[in-house]
Each structure stands twice: as C-alpha cells, then as structure tokens.
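Reminder, nothing fancy here: chain letters follow the sequence lines and each chain counts from 1. What you are looking at is a predicted structure, and each value in this text was computed from that prediction instead of being measured.
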2 protein chains.
Amino acid sequence: MSELVTAQEGVLRELRLQIASGKLSPGQQVIQDALAASLGVSRVPLREALKVLEGEGQVIYHPHRGYFVADLSVADLVEVYRIRSILEDEALRVGVPLLTNEDIEYLEDILVDVESAAKTGNVTAVTAANRRFHFAIFEASNMPRLVRMIRNQWDATDAYRSVYFATPANLAHMNTEHRSMIAALVARDVEKSIAQQAAHRENSVTVVSQAINKS
Amino acid sequence: MSELVTAQEGVLRELRLQIASGKLSPGQQVIQDALAASLGVSRVPLREALKVLEGEGQVIYHPHRGYFVADLSVADLVEVYRIRSILEDEALRVGVPLLTNEDIEYLEDILVDVESAAKTGNVTAVTAANRRFHFAIFEASNMPRLVRMIRNQWDATDAYRSVYFATPANLAHMNTEHRSMIAALVARDVEKSIAQQAAHRENSVTVVSQAINKS
DNA sequence: AGCCCACAGATTGGATACAATCAGGGTATG
DNA sequence: CATACCCTGATTGTATCCAATCTGTGGGCT
C-alpha cells in the first residue's frame, strides 16, 4: 500500500474519509484540539491538512472562529456539477482519441474489480473502484491539472453520495453504464463517451440533491 | 483598504507578490526559516500560506525537502491556458446575459481606472485594474467556485507576465481590446464576448511563453 | 422587561523548542 | 580509481506553550 512519509498526509486522508462518510457532518465546526487528539497528532499538522481541504472547498474557514465542514446549498450543487461537466467534457475530448489499446485493457481490468466488489456488497470498495475507472479515462488526457480539478469536484459531493452504491439496483445500473462507456471508448467515439459520462453525472446529481434536501 | 485579521493573510499576499514579481523566482527553493524571518513571522503561518499556494499550483511540495516555486514547462503553460479558456468561456456564457446596466456602468468606471493608471505608467496599478475589469465580468456569472478557479489560472502565470504592461504599445492594444469587449457586453453578445476574451488570452500566452523560454 | 457592558471559558493564532529527515562531503575499502 | 558508507550541518516536521480573539452569560442600568 501507499507509504506515509508525513503525519499530515495521514491526517488529510483520514479527514477526507470522515467527511465522505459523514462522521464529520456538513455544517459542523471542527474543534481542532479534540480532533487532533482523536487522530493522535498535534494541531499543527491538522491545521495544515485543513488548509488543503479549505483550498478544495471541503471546509470553510472563518478567521478566529475556525473551520467548518462545508455545507452545500442547492445552488452550490448546481455549480459543482456544471463545472464538473465542462471539465470532464474537455478531458474526454482530449483523452479519448489518445487512448491506447493497453489503456482499454487496463480499463477492462478495473471494471472486473468494480464488478467483483459489487458482488461482495462492499460499498467503499465499489466507490473506490468506480472512481479508479472514471479517472483512468480522464488521465488519458495527459492534463494533470485538469484531472486534479475534476477530482476536487467529485470530492466536494462525496459527503452526500456515500449511500448511492448501497442499493443493488444502483449497482446494476452502474454496470450497464460502464459497459456502454467502454464501448464508446473502444470505438474512440468522443461524442458518445461524453454523452455517456453526462448520463452518469445526471444520475449522481439526483442522488446528491436528495441527500442535501434531507439534511 | 482591506484589513488583515490574521498574520497569515498578510504572508499569503506578500508571497503572491514576491512570486508574481519574480523576487521568488521559478524553481527556487523556499527556505522557511529565512523567509519567515524576512517577513517578520514564525514558520507556522508561513507554512499554512504555502499550503494554500500549493493547492493553487503556485509552489510544489516535496515531503521532507520543502517547497519550491513552481516552474512551468511549456506543456504546463498550454494546459493552464486550455483550462482558462474553457472556464472563461463558461463564465461568459452564463454571465453576459445576466449583466445589468449597472454592471456595465461599473465596468466602464473600471476602464477609466485602467486608462488613468496606464497614463501614469504604474505597471502594478495597470495590472490590478485590468484584473478587476475582467473579473468583474466573470463574476456576473454568479458562480464563485468557477471564478476562483479562473483566478487560480491567472495566478499560475503571474510570475511570467509581469513585464507585459511595461511597454506602451501593449497598453494601447489592451485599451482597444477592452473597448471592443465593452461593446460586445453592451450588446449582450455572448459569442462576440467569448471571441474577444479569447483574443486577450492569445495575447497573454504569447508574452508568457516568451518569458518561459528565456528562463 | 429590555438593553448594554464586563467578565470568564473556550477556541484559535502564533512563537518557540525539539525531533526526524535529507543532502553533501569526506573517508575507508574493494 | 570508483564506490559504498557514515557523519555532519542544514532544513523540514511536529509538539508544546502562551497570547489574542471570540462567544455566551450574568449582572447592572434604564
């Protein structure tokens, strides 16, 4: 597995998990002393990790009042998905024509992972594998900054999306989506792959907006 | 003027200035002790400011080796401008139809500032006013996340662009560009404003790539 | 009762001190 | 002569401590 060379890396990863899982819930204030203690580190690396998350919009910072887990309004949600869509479109437009046959084979390997994770019902494993699949496609664009920006948009809604893969119907739907995406990629069909990715987002935004309305 | 509530805000602003002006030059390592001392603060707020800049891609971080001022390759440059263009296009597509007459008047006020700054030959004032002009347009989109992402792309090339406004011919050219942009906005002509903004970027990318090649 | 102000506790902001790690150079060894 | 190793100085990473600021509460005043 990936080695941690600094404590703050581990802190950052743990904070992302806690936000995505809802253990740190939207709107909640982050009490640095308590959180640092629970993570077994001092406040310094925690604060640096929080600054990173602030830059990604995952937490909001008020000087002298502290950090709060971001609480997306519906308007924020719409904006995030609008941005995601223009970024992802670009990544596909650039990346799909560059896909090698090896890339496609690799994508099919990932799909196997996704499906086997789906069989076990391990939600976090499905989520992770699903992410790997989509980002492997985006990375074909050879535009690391663009990919990072897309990743930020995904992260921004993670806190609301965690439940999606819990129901079997959604898992089945995801599989058919992935299969038609692969088909579009094999054909190096840019427009069709963009349309397929858009359908995937449609799906996702529905789930997330329901989660927001509930809270 | 804007009040500083925390030291680290000031540090961040100062670091941006030093990067944009080349006082911290691309590729150079940031020695935290020395820089903190020269700014009159300890390393803690400095490091948090550096984390912010890392998130924006202005500095690169290597664990246990420190922060280095980002050094853009030509490929990076191309990517930054490609991203800028899709983001700015979107901001204009959304924002231009929403412009009120008051917004346009405000933009014309800013143009007056730009031109009077140009007369005095104060390069930093011109740069700042030019920025205010373009971002006032982008902000009409009511998409704060999008605007922030555009700002990051501008910042990424600041270190290379500082010389542009120093030559009078460029200043004159900028003025005619701004005037045709205003005309497109008054007409609420989305396509024309997008084209105009693209021309502005063309201009900028030429300057920056020359600066990169020199270094 | 309603409002204002002062005080106290909680929390964050920043400085200092120390530990961990890295880069470079000199030395021993094949 | 080349190479591997260790040692040292420089630099970063983290913990701890204190100062600055905020929030809420209670008492006094009108």
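Taking only side-chain nitrogens and oxygens, A:Gln8 never comes nearer than 4.0 Å to OP1 or OP2 of D:dG13. Residue B:Gln32 has no polar side-chain atom (N or O) positioned under 4.0 Å from OP1 or OP2 of D:dA10.
Contact check of residues 37-51 of chain B against DNA chain C (heavy atom, cut-off under 4.0 Å) returns B:Val41, B:Ser42, B:Val44, B:Pro45. For residues 59-68 of chain A, proximity to DNA chain D is found at A:His64, A:Arg65, defined as any non-hydrogen atom under 4.0 angstrom from a strand atom.
For the pair A:Asn170 (side chain) and A:Tyr164 (backbone), a donor-acceptor distance under 3.5 Å is present. Remark: side-chain polar atoms of B:Ser25 are not paired, donor with acceptor, to backbone N or O of B:Gly22 under 3.5 angstrom. Using a distance-only test at 3.5 Å, with no hydrogens or angles considered, no donor-acceptor pair links the side chain of B:Asn130 to the main chain of B:Thr127.
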Could you give the side-chain donor-acceptor pairs of residues 137-145 of chain B under 3.5 Å, partners two or more places apart or in another chain?
unit_1   : atom_1 : unit_2   : atom_2 : d
B:Ser141 : OG     : B:Phe138 : O      : 2.7
B:Ser141 : OG     : B:Met143 : N      : 3.3

Which atom pairs, one a donor and one an acceptor, fall under 3.5 Å between side chains of residues 60-69 of chain A and the rest of the protein, sequence neighbours left out?
unit_1  : atom_1 : unit_2  : atom_2 : d
A:His64 : NE2    : B:Val5  : O      : 3.2
A:Tyr67 : OH     : A:Lys51 : NZ     : 2.8

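Protein chain B contacts DNA chain C over a range whose 5' and 3' limits, counting nucleotides with an atom under 4.0 angstrom from a non-hydrogen atom, are C:dG14 to C:dA23.
Residue-level contact check: B:Val30 touches the backbone only, with heavy atoms under 4.0 Å from sugar-phosphate atoms and none from bases.
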Handout entry: A:Gln18 and A:Glu14: CA distance, side-chain angles, deciding distance, side-chain hydrogen bond (donor to acceptor under 3.5 Å, both in side chains) verdict
Key = CA-CA 6 Å; A:Gln18 295 203 6; A:Glu14 184 60 24; 3.1 Å; yes
Exercise for the section: Given side-chain hydrogen bond (donor to acceptor under 3.5 Å, both in side chains), test A:Ser85 with A:Arg82 step by step and report yes or no. Expected result: CA-CA 5 Å; A:Ser85 102; A:Arg82 188 85 201 91; 3.0 Å; yes
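For A:His134, the ring-ring contact (aromatic ring centres under 6.0 Å, His included) partners two or more places apart in sequence, or in a different chain, are A:Trp154, A:His178, A:His200.
Relative to the ring axis of A:Phe135, A:Arg151 places its NZ or CZ within 45° and under 6.0 Å from the centre.
Of the options B:Leu171, B:Val114, B:Asn122, B:Val207, a side chain to side chain contact (heavy atoms under 4.5 Å, CB included) to B:Phe165 is made by B:Leu171 and by none of the others.
Here the P atom of nucleotide D:dT21 and the CG atom of A:Asp33 are 19 Å apart, to the nearest Å. Rounded to whole Å, the distance from CD on A:Gln29 to P on D:dC22 is 14 Å.
With respect to B:Arg131 and B:Asp155, a salt bridge is recorded, a charged nitrogen being found less than 4.0 Å from a carboxylate O.
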